[in-house]
**Student:** 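Got a structure here, written out as C-alpha cells. Questions coming.
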Amino acid sequence: MSFSLDDLVRGTGGKLRSQHGTEYSEVVTDSRKDVRGKIFIALKGETHDGHQFVRMAVENGASAIISHEWMADYAPLLTKTTWIHVDDTLKALQNLANHWRQTWGDQRDKTVVAVTGSNGKTTVKDFTTTLLEGQFRTLKNEGSFNNHWGLPLTLLKLKPDHEVAMLEMGMNHAGEIAELCRIAQPNIVAVNNVGRAHIEHFGSIDGIAKAKEEIYQDLPSTTKAAFNLADPRTADMHARLKENFARTITFGTPQADVHFQLVSSETGGLKIHCRLFKYEQTVMVPLFGEQNVSNLMTASSLALLADVKVEVIFAQLEKCQTGWGRNQWVMLQSGAQALFDGYNANPDSFAALIKNLPSVVKPEQKVIGVFSEMRELGEQAPAEHFELGKQVALSPVSDCYFMGASQAHFKAGFESAKTGKTLNITDTYEETLALKIKSMLNNKTLVVIKGSRGGALERVLVGLEPKNFTTK
C-alpha cells in the first residue's frame with residue numbers, strides 16, 4: 001500500500017512546502033514508533049501536541065510531515081522530508097481518509113459496513129468480521145479506533161485487495177456519528193441497540209437514540225440497513241426510515257428476518273438455534289452472556305446484507321469470540337476461573353452480566369466479585385450505583401469488592417438488599433486487593449471482574465496469576 005504525493009495534497013487540501021519522493025507508506029501519529037518511510041501527521045489533542053515531536057519524526061526517518069503549525073526551527077527539516085501544511089491536521093486526516101476511501105471504493109465490489117450502538121458494538125464488529133472473513137478479505141478498526149481520529153486511521157489502512165471494511169462507530173455527542181458517516185461513506189449500516197451509555201452528555205435515552213439514528217440518515221439510496229425490532233427505539237427507526245434504503249433486514253424478534261434463540265448456556269459457551277430467513281441450524285458458540293445472542297443476530301444480518309452465503313454464516317458463527325476484556329474466560333494458576341470484563345461498563349452491560357451469571361455458576365462454586373465505577377453517568381451516577389449495589393447483593397456473588405467515587409452509593413444499595421454478604425469498598429485500586437483475593441482461591445472459586453476501562457481492572461487479574469491472559 002502506498003500513497004502518492006497527489007493523494008496527500010489533494011486529500012488533505014494542504015499546501016506543499018517541500019517534496020522528497022513520490023510514494024509514501026502508511027499514516028502514523030506517534031513519533032516514538034517506527035516512522036521510517038511513513039507519513040507523520042501532527043495531531044493536536046487536549047493533552048498532547050504532535051507538533052512538538054515533528055523533529056523527532058523526521059530524525060527517525062518519516063518520509064512526509066503533515067502539520068498545521070509552523071516553527072522557525074522546522075525550516076532545516078524541509079531538505080529532509082516532504083512537508084504539507086494544512087489548516088487543521090485533524091480535519092486533514094479526516095479528509096485524507098475520505099479521499100482514500102473513495103479511491104479504494106472506485107474499484108468494483110468494495111463495501112464499507114458500519115455499526116453503532118450503546119452496548120456491544122465492538123463485539124458486533126468482531127463477530128461481523130469473523131462472518132465476513134469466511135468469504136471476503138476484511139479490514140476492521142482495532143481496539144477503540146472508532147472515533148473522529150481512530151476511524152480515519154483505520155480507513156487509511158485499506159489496501160487494494162481488501163474487499164470489505166468493517167467499522168465500529170462510537171460517539172459521546174450529537175453529530176459525531178453523522179461526521180463519521182461522512183468520512184467513511186458506509187454501504188451497509190445498523191444500530192445494535194439504544195441504552196444508557198454516555199447519558200451524561202445527552203440527558204435522556206431519547207437523546208441518545210436521536211444521536212445513534214444519525215447512522216441511518218443522509219445516506220445514498222443504494223445503502224442497505226439492518227434494524228433491531230427487539231429494541232423499541234430501533235424498531236421505531238425501522239418504521240420511519242425503512243423506505244430510504246435499497247434493502248433492509250430485520251432481526252431480534254420471532255417475526256423478524258433473522259432470529260436466534262438461546263438453547264442453553266454453559267461455561268463452554270452458548271448453544272443457539274439460528275434462523276436466517278427460512279434456513280435454520282443449531283450452533284455452539286464459545287461465548288458468555290445471553291446478550292451475545294442479540295449481538296450475533298446483528299452480525300449475521302450485516303453479513304447477509306454483504307452477500308455472505310448462509311452456509312458460510314452458519315459455519316463461521318462457531319468461530320465467533322469476544323475481544324480483550326470482553327467477558328473473557330481466564331484460568332488461574334490456583335485452579336479457579338475468572339470472568340474478566342474490564343473493557344467497558346455501564347448500567348446495561350452490568351445488568352446483562354448479573355442476569356447471565358446464574359447460568360454458569362456451578363452449585364459448588366464460590367463467586368467473588370471485583371467491580372469498579374461506571375463512568376459518564378452524570379447526575380444519574382448515585383441512583384445507578386445504588387441499584388447496581390443492590391443487584392450485585394442479590395446475585396450469586398458472595399464476597400464483593402468495589403472501588404470508585406460512587407462507593408457510598410454502591411454500599412447503600414448493597415446493604416439495602418439485607419443479604420448479609422461481605423462487601424469491601426475503596427476509592428481506588430490497592431495492590432493488596434489481589435493478594436487478599438488470591439489467598440481465597442481454589443478450584444471451586446469463580447472470580448468475576450468488571451468495570452470501566454479507566455479502572456484498569458486487569459491489574460487485579462494479573463495479580464491472581466492467570467494462565468491464558470495478556471495485558472493490552
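Basis for what follows: all heavy atoms, side chains included, without hydrogens, waters or symmetry-related copies.
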**Student:** Rounded to the nearest 0.5 Å, what separates atom CG in Leu388 from atom NE2 in His409?
**Tutor:** 12.5 Å
**Student:** Got a donor-acceptor contact below 3.5 angstrom from the Arg459 side chain to the Ala456 backbone?
**Tutor:**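 A pair under 3.5 Å: yes.
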**Student:** Using the benzene-type ring in the case of Trp, are the ring centres of Phe371 and Tyr401 under 6.0 Å apart?
**Tutor:**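 Ring-ring flag for Phe371/Tyr401: false, centres at least 6.0 Å apart.
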**Student:** May I ask you to test the Val28-Lys33 pair for a side-chain heavy-atom distance under 4.5 Å?
**Tutor:**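 No; the side chains remain at least 4.5 Å from each other.
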**Student:** Tell me the closest heavy-atom pair linking Leu158 and Ala165, and the distance in Å.
**Tutor:**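 Closest pair (atom of Leu158, atom of Ala165, distance): CD2-CB, 3.9 Å.
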**Student:** Is there a ring pair (Phe, Tyr, Trp, His ring centres under 6.0 Å) between Trp100 and Phe3 once you walk through the steps?
**Tutor:** CA-CA 9 Å; Trp100 191 246; Phe3 300 91; 4.3 Å; yes
**Student:** Determine yes or no for a side-chain-to-main-chain donor-acceptor pair under 3.5 angstrom, with Gln135 supplying the side chain and Asp307 the backbone.
**Tutor:**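 Confirmed, Gln135 side chain pairs with Asp307 backbone.
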**Student:** Heavy atoms, side chains only, cut-off 4.5 Å: are Leu423 and Lys411 in contact?
**Tutor:**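 Result yes, sub-4.5 Å side-chain heavy-atom pair found.
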**Student:** Is any side-chain heavy atom of Glu458 closer than 4.5 Å to one of Trp324?
**Tutor:** yes
**Student:** If we check side-chain hydrogen bond (donor to acceptor under 3.5 Å, both in side chains) with Asn192, which of these qualifies: Asn295, Asn119, Asn228?
**Tutor:** Asn295
**Student:** Would you kindly say whether Asp257 and Thr250 are connected by a side-chain donor-acceptor distance under 3.5 Å?
**Tutor:**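 Side-chain D/A pair, Asp257 to Thr250: present.
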**Student:** Could you tell me if the side chain of Arg247 sits less than 4.5 Å from the side chain of Leu305, heavy atoms only?
**Tutor:** yes
**Student:** Is there a side-chain contact between Val113 and Val164, using heavy atoms and a 4.5 Å cut-off?
**Tutor:**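 They are in contact (side-chain heavy atoms under 4.5 Å apart), so the answer is yes.
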**Student:** Looking at Asp206 and Arg233, is there a salt bridge between them, counting it only when a charged N and a carboxylate O are closer than 4.0 Å?
**Tutor:** yes
**Student:** Look at the side chain of Lys110 and the backbone N and O of Pro160, then say whether any donor-acceptor pair between them is shorter than 3.5 Å.
**Tutor:**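 Checked: pair present.
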**Student:** Would you say Glu214's side chain and Ala174's backbone share a donor-acceptor pair under 3.5 angstrom?
**Tutor:**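 No, the answer is negative, given that no donor and acceptor are paired below the 3.5 Å cut-off.
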**Student:** Taking all non-hydrogen atoms of both residues into account, name the closest pair between Gly170 and Lys121 and its distance.
**Tutor:**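 Closest approach of Gly170 to Lys121, heavy atoms only: CA-CE, 3.8 Å.
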**Student:** Between Gln185 and Asn98, is there a donor-acceptor pair closer than 3.5 Å when you use the side chain of the first and the backbone of the second?
**Tutor:**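 No; zero donor-acceptor contacts below 3.5 Å.
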**Student:** Is a salt bridge present between Arg240 and Asp236, judged by a nitrogen-to-oxygen distance below 4.0 Å?
**Tutor:**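 Result for this pair is yes, salt bridge flagged.
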**Student:** Would you say Leu276 and Val258 make side-chain contact, with heavy atoms under 4.5 Å?
**Tutor:** yes
**Student:** With Asp126 as reference, evaluate Lys140, Gln321, Arg326 under the side-chain hydrogen bond (donor to acceptor under 3.5 Å, both in side chains) test and give the passing residue.
**Tutor:** Lys140
**Student:** Please confirm whether the ring centroid of Phe227 lies under 6.0 Å from the ring centroid of Tyr216.
**Tutor:** yes
**Student:** Under 4.5 Å between any side-chain heavy atoms of Leu377 and His385, yes or no?
**Tutor:** yes
**Student:** Testing the 3.5 Å rule here: is there a donor-acceptor pair between the side chains of Gln407 and Asp427?
**Tutor:** yes
**Student:** Please determine, by modelled atom types, if Glu373 and Ser406 share a side-chain donor-acceptor pair under 3.5 angstrom.
**Tutor:** yes
**Student:** Say whether, by atom type as modelled, one donor and one acceptor occur between the side chain of Thr223 and the main chain of Pro220 under 3.5 angstrom.
**Tutor:** yes
**Student:** Out of curiosity, Phe127 CZ to Lys319 NZ, how far, rounded to the nearest 0.5 Å?
**Tutor:**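 Output value for this atom pair is 15.0 Å.
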**Student:** Please check: side-chain N/O of Asn141 versus main-chain N/O of Glu168, any donor-acceptor pairing under 3.5 Å?
**Tutor:** yes
**Student:** For Lys212 versus Val191, what's the shortest heavy-atom pair and its separation?
**Tutor:**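 What the structure gives for the nearest pair is O-CG2, 3.6 Å.
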**Student:** Kindly indicate whether a cation-pi arrangement holds for Lys390 with Phe414, taking the cut-offs as under 6.0 Å to the six-membered ring centre and within 45° of the axis.
**Tutor:** no
**Student:** Can we say Glu26 and Lys38 salt-bridge, meaning some charged N sits less than 4.0 Å from an Asp/Glu carboxylate O?
**Tutor:** yes
**Student:** Taking all atoms of both residues into account, what is the closest heavy-atom pair of Leu461 and Ala338, and its distance?
**Tutor:** CD1-CB, 3.8 Å
**Student:** Do Phe314 and Cys274 pass the side chain to side chain contact (heavy atoms under 4.5 Å, CB included) test, and can you show the C-alpha distance, the side-chain angles, and the key distance before you say yes or no?
**Tutor:** CA-CA 8 Å; Phe314 282 141; Cys274 308; 3.7 Å; yes
**Student:** In this structure, are over 12 heavy atoms from other groups packed under 6.0 Å from Tyr279 atom OH?
**Tutor:**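 No - once you tally the heavy atoms of other residues, nucleotides and ligands closer than 6.0 Å, there are 12 at most.
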**Student:** Using modelled atom types only, decide if a donor and an acceptor are shared between the side chain of Glu384 and the backbone of Pro347 within a distance under 3.5 Å.
**Tutor:** no
**Student:** Rounded to the nearest 0.5 Å, what separates atom CD1 in Ile272 from atom CG in Leu262?
**Tutor:**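 Going from CD1 on Ile272 over to CG on Leu262, the span is 6.5 Å.
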**Student:** Looking at Asn468 and Met331, would you say the former's side chain and the latter's main chain have a donor-acceptor pair under 3.5 Å?
**Tutor:** yes
**Student:** Give, for atom CG of Leu296 and atom CG of Asn292, the distance between the pair rounded to the nearest 0.5 Å.
**Tutor:** 6.0 Å
**Student:** Before you tell me yes or no, could you show the steps for Ile205 and Val194 under side chain to side chain contact (heavy atoms under 4.5 Å, CB included), namely the whole-Å CA-CA distance, both residues' side-chain angles and the distance that decides it to 0.1 Å?
**Tutor:** CA-CA 7 Å; Ile205 196 167; Val194 177; 3.9 Å; yes
**Student:** Ignoring hydrogens, what is the shortest heavy-atom contact between Met237 and Ala209? Give both atom names and the distance.
**Tutor:** CE-O, 3.4 Å
**Student:** Quick one: does any side-chain atom of Arg101 pair with a main-chain N or O of Ala184 as donor and acceptor, under 3.5 Å?
**Tutor:**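 It does hold such a pair.
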**Student:** Are any non-hydrogen side-chain atoms of Pro186 and Leu167 less than 4.5 angstrom apart?
**Tutor:**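 No - every pair of side-chain heavy atoms lies 4.5 Å or more apart.
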**Student:** Return the CD to CE distance between Glu179 and Met169, rounded to the nearest 0.5 Å.
**Tutor:**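 Answer rounded to 0.5 Å: 10.0 Å.
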**Student:** Please round to the nearest 0.5 Å and tell me the distance separating atom OG1 of Thr89 and atom NE2 of His51.
**Tutor:** 5.0 Å
**Student:** Please confirm whether His259 and His273 have ring centers closer than 6.0 angstrom.
**Tutor:** no
**Student:** Inspect the surroundings of CG in Asp49 and state if more than 12 heavy atoms from other residues, nucleotides or ligands are less than 6.0 Å away.
**Tutor:**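 Enclosed.
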